[in-house]
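Note that the coordinates shown come from a computational prediction; the quantities given were computed from them, not determined experimentally. Throughout, a chain's letter reflects where its sequence line sits, starting with A, and its residues are numbered from 1.
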Amino acid sequence: MRLSQLFSTTLRQEPSEAEISSHSLLLRAGFIRQLGAGIFSYLPLARRGMNRIENIMREEINAIGGQELTMPVVHPADIWQETGRWSQIGDEMARFQDRTGHQMVLAMTHEEVVTDLARREIHSYRQLPQLIYHIQTKFRDDPRPRAGLIRVREFTMLDSYSLDRDWEGLDHQYQSHYDAYFRIFNRCGLPVRAVGSDTGMMGGKEAHEYMYLTPVGEDTLLFCDSCDYAANRQVAAFGKLTPPDEKPAPLEKVATPNVSTIADLADFLGIPASRTAKAVFFAAEKSGQGKPLLIFAVLQGDMALNETKLVNAIGASGSGSITTLRPALEDEIRAVGASPGYASPIGIQRDNVLVIVDDLLPHSPNLVAGANQEGYHLRNTNLGRDYQPDMIADIALAEDGSPCPHCDGRLQALRGVEVGNIFKLGTRYTSALGATFLDEDGEAQPIIMGSYGIGVGRLLACVAEEYHDEHGLIWPITVAPFPVHLMLLPSKDGSAEKAAEALYTALIEAGIEPLYDDRDERAGVKFNDADLIGLPLRVTVAARSLENGGFEFKRRDRDNRWIVPVESAIEVIKTELDQCHQEMLQRFNL
RNA sequence: CGGGGUGUAGCGCAGACGGCUAGCGCGCCGCGUUUGGGACGCGGAGGUCGGCGGUUCAAGUCCGCCCACCCCGACCA
């Protein structure tokens, strides 16, 4: 490709909307352009990089038995209604009507369509297992796109789906993906960690996320410093310190004027926060019901609430499908007889209230809790004696420094970007859509499903985030849009032009397509653009290099330059590119 | 959805007290000089000042409404 003809230009100045390196550099180097919030065009350089990523994905998924197909981006609403997600998912799903007035949706994921295909095609255990995948555009109307390609609304994902006759089969395919996904990321040069995660809107049993650790990430992960425990903060368990073993003491009302926070309370009474009980309120809107359910969560005063755990606990309790959880209004709290700032479950009305206490509370005696009266607290409240919970569950948020749930270590909090995820869906969708097969005994069984996804653009952005310096991008050989940046610096006698053109042709004939900077620009401009675009190997053809005995070679990720004789240029380029590959394999033990 | 911010040429920005043909740097086009780390000279092109409405003799500038984008939060993969 001749740079003079390439459909994009580099920008000298940093675009004002870019806050993080990958966004800024991908814009400046001419890889992407933004059309709207979270909506981008991928110009030829980005497209080529993404093609290479997608081909790595195809190789790895094919290697574990995947078959590529393509499923539609526009779906009729009824399959989403069949699984219940039509009403479960909110504004994040883009909906519209076609000309005949039928409700349609833009695909935000493809479980429904896969399951529909499965129920049409799969009838016998003899047809299982299956693994199908596609690389397709999705749209999620995210309330807040940000950080360039890291969090967008329209995006392309590799999406694979496993279909099995039993749970052992799912376990096997899940494990295959677990490993294949590591290979995909590593072949792209991206170091990732797998962590246990929430299943969120996907539903199902077990799930892992692949996290690229970076301060620009918006997920918080917790890693044990001495064992291999790792989890997204949303689901992270932790070892709760055992409270003192005291006998329950009599309840005692104590005046606490203007003391409405845990910190003030502990201060005022001269006790640690861990000796207090904290109340947190949410209103749960139930589908198809008018009056929201008040969620009254109680945990030890030194701990923060984990909303994801709370939602999952409520879901597990079977108390109806909760569509949304929002902070309760003050009136809603007062309506049950609780007093904000001085609240406890003691003595409140219990109809249409769900009291959920953290699983540490049964072991934490004599806590100071609210008296449900402005300006007063109660000493020595005890679960069981003074109030009964509707449910006991782990609803506390793990923090940096929390004890590991599995060993004596401490959890460390780090930021990360989720670049992929894998879910054991089980029969969540196949049961809903009636995707069954007949087993050997002629009995209908629901197909057991798994789903696995990687965002292509987000992966590209993370690679850019990982590999760059103050001059520009530094692409790993495996995802670079071109392997070689061939640079011509014009000469008076035309010798450099002649040599560069010859090398350009010879490289293409050798199956190596370079990006050929044939522009009539100053050397400084060309060198700076080469650094910005960041191709792995730069080959400069100039009068000076020819006088010195050939072409000047430089790797983008190294500082040194050296001269290679004209006649061995192709061979050395091949060697260098191969060397880049080898270094990559070594770094990731591939 | 809440809070904050920004919309003036392709990019980065000035102009805001209402007042002449709306500027600057970079980029772009032409000619010449220059040619290994973002050259120089001369000459050009390019703007419904985010949109609509209002006030006024006069609006980029004042007022109202709306829209878009960015950041923080809520939310989310």
Paired with B:C75: which nucleotide, if any, by Watson-Crick or G-U wobble criteria at under 3.5 Å for both distances? none

Does a salt bridge link A:Glu218 with A:Arg146, judged by any charged N lying under 4.0 Å from a carboxylate O? yes

Where the side chain of A:Phe155 is defined as all heavy atoms beyond and including C-beta, which of B:C70, B:G36, B:A77 is the nearest nucleotide? B:A77

With a 3.5 angstrom cut-off on both distances, give the Watson-Crick or G-U wobble partner of B:A58, or none if there isn't one. none

Give none if B:G12 has no partner; otherwise give the nucleotide forming a Watson-Crick or G-U wobble pair with it, both distances under 3.5 Å. B:C24

Can you tell me the Watson-Crick or wobble partner of B:G47, both distances under 3.5 angstrom? none

Within 45 degrees of the ring normal and closer than 6.0 Å to the centroid, is that where the cationic atom of A:Lys424 sits relative to A:Tyr174? yes

Considering only the C1' atoms, how many Å lie between B:G12 and B:G7, rounded to the nearest integer? 14 Å

Students often mix this up, so state it plainly: with edges at 30° and 60°, are the rings of A:His110 and A:His134 parallel, tilted or perpendicular? perpendicular

What is the ring orientation for A:Phe182 with A:Tyr210, classed by angle as parallel under 30°, tilted 30 to 60°, or perpendicular over 60°? perpendicular

Spacing of A:Glu19 atom CD relative to B:G5 atom P, expressed in whole Å: 15 Å

Short of 4.0 Å, heavy atom to strand atom, which residues of residues 462-471 of chain A count as contacting RNA chain B? none

Can you say whether a donor on the side chain of A:Arg151 sits under 3.5 Å from an acceptor on the base of B:C75, or the other way round? yes

For A:Arg33, which contact category applies under a 4.0 Å heavy-atom criterion: base, sugar-phosphate, or nothing? nothing

Between A:Leu27 (CG) and B:G10 (P), how many Å, whole number? 17 Å

Is it the case that the side chains of A:Arg556 and A:Tyr467 hold a donor-acceptor pair, with the cut-off being a distance below 3.5 Å and no angle test? no

B:G64 pairs with which nucleotide, Watson-Crick or G-U wobble, both distances below 3.5 Å? B:C52

Between B:C65 and B:G4, how many Å separate the two P atoms, rounded to a whole number? 15 Å

Parallel, tilted or perpendicular, as decided by the 30° and 60° cut-offs, for the rings of A:His23 and A:Phe40: perpendicular

If we count only N and O atoms by modelled type, under 3.5 Å, do the side chains of A:Asn232 and A:Glu209 hold a donor and an acceptor together? yes

Tell me the interatomic distance from A:Glu552, atom CD, to B:G37, atom C1', rounded to whole angstroms. 11 Å

Applying a 4.0 Å non-hydrogen cut-off, can you work out what A:Ala37 is touching in the nucleic acid: base, sugar-phosphate, or nothing? sugar-phosphate

Name the closest nucleotide to the A:Arg144 side chain, picking from B:C71, B:G12, B:A77. B:C71

Out of B:G38, B:C75, B:G36, which nucleotide sits closest to the side chain of A:Val525? B:G38

What are the two closest non-hydrogen atoms of A:Ala530 and A:Arg538, and how far apart are they? CB-CD, 4.1 Å

Under the criterion salt bridge (Lys or Arg N to Asp or Glu O under 4.0 Å), I'd like the reasoning laid out for A:Arg28 against A:Glu14: C-alpha separation, chi angles, the key distance, then a yes or no. CA-CA 7 Å; A:Arg28 281 226 293 142; A:Glu14 187 162 335; 5.4 Å; no

For nucleotides B:A22 and B:U33, find the distance between their P atoms and express it as a whole number of Å. 37 Å

Look up atom CG in A:Leu486 and atom CG in A:Leu515, then write down how far apart they are to the nearest 0.5 Å. 9.0 Å

Round to a whole Å and report the spacing from CG of A:Asp219 to C1' of B:C75. 12 Å

In short, A:Ile395 meets A:Lys309 closest at the heavy-atom pair CA-CB, 4.0 Å

Both A:Leu532 and A:Pro490 contact RNA chain B. Which one's nearest nucleotide lies toward the 5' end? A:Pro490

To the nearest Å, give me how far apart NZ (A:Lys492) and C1' (B:U35) are. 7 Å

Candidate nucleotides B:C75, B:C69, B:G36, ranked by approach to the side chain of A:Pro143 - the nearest: B:C75

Could you tell me how far B:U8 sits from B:C70 if I compare only their P atoms? Round to whole Å. 15 Å

Using a 4.0 Å heavy-atom cut-off across all strands, classify A:Ser545 as base, sugar-phosphate, or nothing. base

Counting side-chain heavy atoms from C-beta on, which of B:A77, B:C69, B:G38 comes nearest to A:Arg28? B:G38

Under 6.0 Å from the six-membered ring centre of A:Trp475 and within 45° of its axis: does the NZ or CZ of A:Arg52 meet both? no

Distance in angstrom units between A:Arg146 CZ and B:G4 C1', rounded: 16 Å

With heavy atoms under 4.0 Å as the rule, sort A:Leu11 into base, sugar-phosphate or nothing. nothing

Length of the line joining A:Glu92:CD and B:C1:C1', which is rounded to integer Å: 15 Å

Under 4.0 Å between any heavy atoms, over every strand shown, what does A:Ala147 touch: base, sugar-phosphate, or nothing? Just pick one. sugar-phosphate

According to a strict under-4.0 Å criterion, is A:Ser16 in side-chain N/O contact with OP1 or OP2 of B:C13? yes

Pairwise C1' distance for B:C20 and B:G3, with rounding to whole Å: 42 Å

Give the nucleotide from the list B:G38, B:C70, B:G36 with an atom nearest to the side chain of A:Asn528. B:G38

Mate of B:U35 where both pairing distances stay under 3.5 Å, Watson-Crick or G-U: none

Shortest non-hydrogen contact between A:Thr70 and A:Gln136, atoms and distance: CG2-NE2, 3.5 Å

P atoms of B:C1 and B:G38, separation to the nearest Å: 49 Å

With heavy atoms under 4.0 Å as the rule, sort A:Val152 into base, sugar-phosphate or nothing. base

For A:Gly36 and for A:Asp142, find the nucleotide of RNA chain B with the closest heavy atom, then tell me which residue's nucleotide is more 5'. A:Gly36

Return a single string for nucleotides 26-34 of chain B, one symbol per nucleotide in 5' to 3' order, where B is base contact, S is sugar-phosphate-only contact and - is none, cutoff 4.0 angstrom on heavy atoms. SSS-----B

Salt bridge (Lys or Arg N to Asp or Glu O under 4.0 Å), that's the test. Do A:Asp219 and A:Arg233 meet it? Break it down for me. CA-CA 8 Å; A:Asp219 282 303; A:Arg233 192 182 194 189; over 6 Å; no

Look at all strands and tell whether A:Arg538 reaches a base, only sugar-phosphate, or nothing, counting heavy atoms closer than 4.0 Å. base

Same-atom distance (C1') from B:A58 to B:U21, integer angstrom: 16 Å

Watson-Crick or G-U wobble partner of B:G30, both distances under 3.5 Å: B:C42

Grab the NE2-P distance between A:His23 and B:C70 for me, whole Å please. 8 Å

Kindly say if A:Gln34 contacts the phosphate of B:C70, meaning a side-chain N or O under 4.0 Å from OP1 or OP2. yes

How far, in whole Å, is B:G18 from B:U56 if one measures between their C1' atoms? 9 Å

Nucleotide opposite B:G18 in a Watson-Crick or G-U pair, distances under 3.5 Å: none

